[in-house]
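Here's the structure we're looking at; comments come further down.
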Amino acid sequence: FDCIWMHQLGYKETVSSLNCCISETQLGELVTLRRETVLAFDGDGVGKEGALKAARQLTKKRVVTRIVTLPEGRDIQELDKEQLDYLFKE
């Protein structure tokens with residue numbers, strides 16, 4: 001549902017992982033689509049671990065990766081467009 005929420009708010013180049021895991025197949029697809037990514041996982045411990053693991057995997061494939069840190073215990077769906085714009089600004 002996070003991905004659907006992001007699309008509804010105008011973030012059209014959004015994909016979703018299953019829980020906090022990104023497979024090698026998904027990574028391969030991402031690499032063909034983008035050479036720069038922004039990761040946004042839930043703000044809990046599992047989400048932070050997932051983001052770090054995915055960032056390491058993408059970096060190995062020479063993809064520029066930035067991690068957006070959500071507030072502790074918050075989920076993407078709890079944030080409105082203004083809050084997301086702030087988090088995703090460069």
Side-chain angles (χ1 to χ4, degrees):
F1 294 109
D2 291 347
C3 188
I4 294 168
W5 180 243
M6 296 289 292
H7 278 255
Q8 289 175 340
L9 293 180
Y11 291 91
K12 301 300 183 189
E13 293 185 355
T14 302
V15 296
S16 180
S17 64
L18 178 58
N19 295 321
C20 292
C21 299
I22 297 179
S23 71
E24 284 297 320
T25 302
Q26 290 170 313
L27 287 170
E29 290 293 323
L30 280 174
V31 169
T32 63
L33 296 172
R34 302 289 298 189
R35 298 307 302 171
E36 189 173 320
T37 62
V38 179
L39 301 173
F41 287 80
D42 292 347
D44 60 11
V46 174
K48 290 175 184 175
E49 285 179 35
L52 288 173
K53 181 179 178 184
R56 284 194 285 281
Q57 291 171 301
L58 288 164
T59 300
K60 285 181 186 175
K61 296 182 180 295
R62 294 191 166 92
V63 175
V64 176
T65 305
R66 184 167 61 98
I67 298 174
V68 169
T69 304
L70 297 179
E72 182 69 35
R74 298 293 300 272
D75 186 86
I76 285 281
Q77 296 175 56
E78 298 172 344
L79 304 177
D80 61 26
K81 177 134 176 60
E82 185 177 315
Q83 291 168 316
L84 288 171
D85 287 347
Y86 178 78
L87 287 173
F88 285 102
K89 73 178 180 183
E90 293 186 36

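Computed over heavy atoms, backbone and side chain alike; hydrogens, waters and symmetry mates excluded. Given the structure is predicted, the values throughout are model-derived calculations rather than measurements.
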statement: Value for CD1 (Ile67) from OG1 (Thr37), rounded to nearest 0.5 Å, stands at 9.0 Å

message: side-chain contact (heavy atoms from CB on, under 4.5 Å), that's the test. Do Asp42 and Asp2 meet it? Break it down for me.
response: CA-CA 10 Å; Asp42 292 347; Asp2 291 347; 3.8 Å; yes

task: Considering non-hydrogen atoms only, spot the tightest contact between Ala51 and Leu39 and give its length.
output: O-CD1, 3.5 Å

- prompt: Within the distance-only criterion (no hydrogens, no angle test), does the side chain of Arg66 pair as donor or acceptor with the backbone N or O of Phe88 below 3.5 angstrom?
  reply: yes

query: Hey, does the side chain of Tyr11 reach the backbone of Cys3 with a donor-acceptor pair shorter than 3.5 angstrom?
result: no

query: Linking I/L/V/M/F/W/Y whenever their side-chain heavy atoms sit closer than 4.5 Å, directly or via other members, would Leu58 and Leu33 fall into one cluster?
result: no

query: So, do Ile76 and Leu84 sit near enough that their side-chain heavy atoms are less than 4.5 Å apart?
result: yes

task: Kindly determine whether Gln8 and Lys81 satisfy side-chain contact (heavy atoms from CB on, under 4.5 Å), including the steps that lead there.
output: CA-CA 10 Å; Gln8 289 175 340; Lys81 177 134 176 60; over 6 Å; no

field: Set of residues satisfying side-chain hydrogen bond (donor to acceptor under 3.5 Å, both in side chains) with respect to Gln83, sequence neighbours excluded
entry: none

- prompt: What is the distance from atom CD1 of Ile4 to atom OG1 of Thr14, rounded to the nearest 0.5 Å?
  reply: 11.5 Å

query: Is there a donor-acceptor contact under 3.5 Å from the side chain of Thr65 to the main chain of Val63?
result: yes

message: Does anything in residues 50-61 form a salt bridge (charged side-chain N to carboxylate O under 4.0 Å, His left out)? List the pairs, not counting sequence neighbours.
response: Glu24-Lys61

query: Which value, rounded to the nearest 0.5 Å, describes the distance between Leu30 atom CG and Thr25 atom OG1?
result: 11.0 Å

task: Step by step, work out the side-chain contact (heavy atoms from CB on, under 4.5 Å) result for Leu79 and Leu87.
output: CA-CA 10 Å; Leu79 304 177; Leu87 287 173; 3.6 Å; yes

- request: Examine Val68 and Val46 and state if one hydrophobic cluster contains both, with Ile, Leu, Val, Met, Phe, Trp and Tyr joined whenever side-chain heavy atoms are less than 4.5 Å apart.
  value: no

query: Do Arg35 and Val64 have side-chain heavy atoms sitting under 4.5 Å apart?
result: no

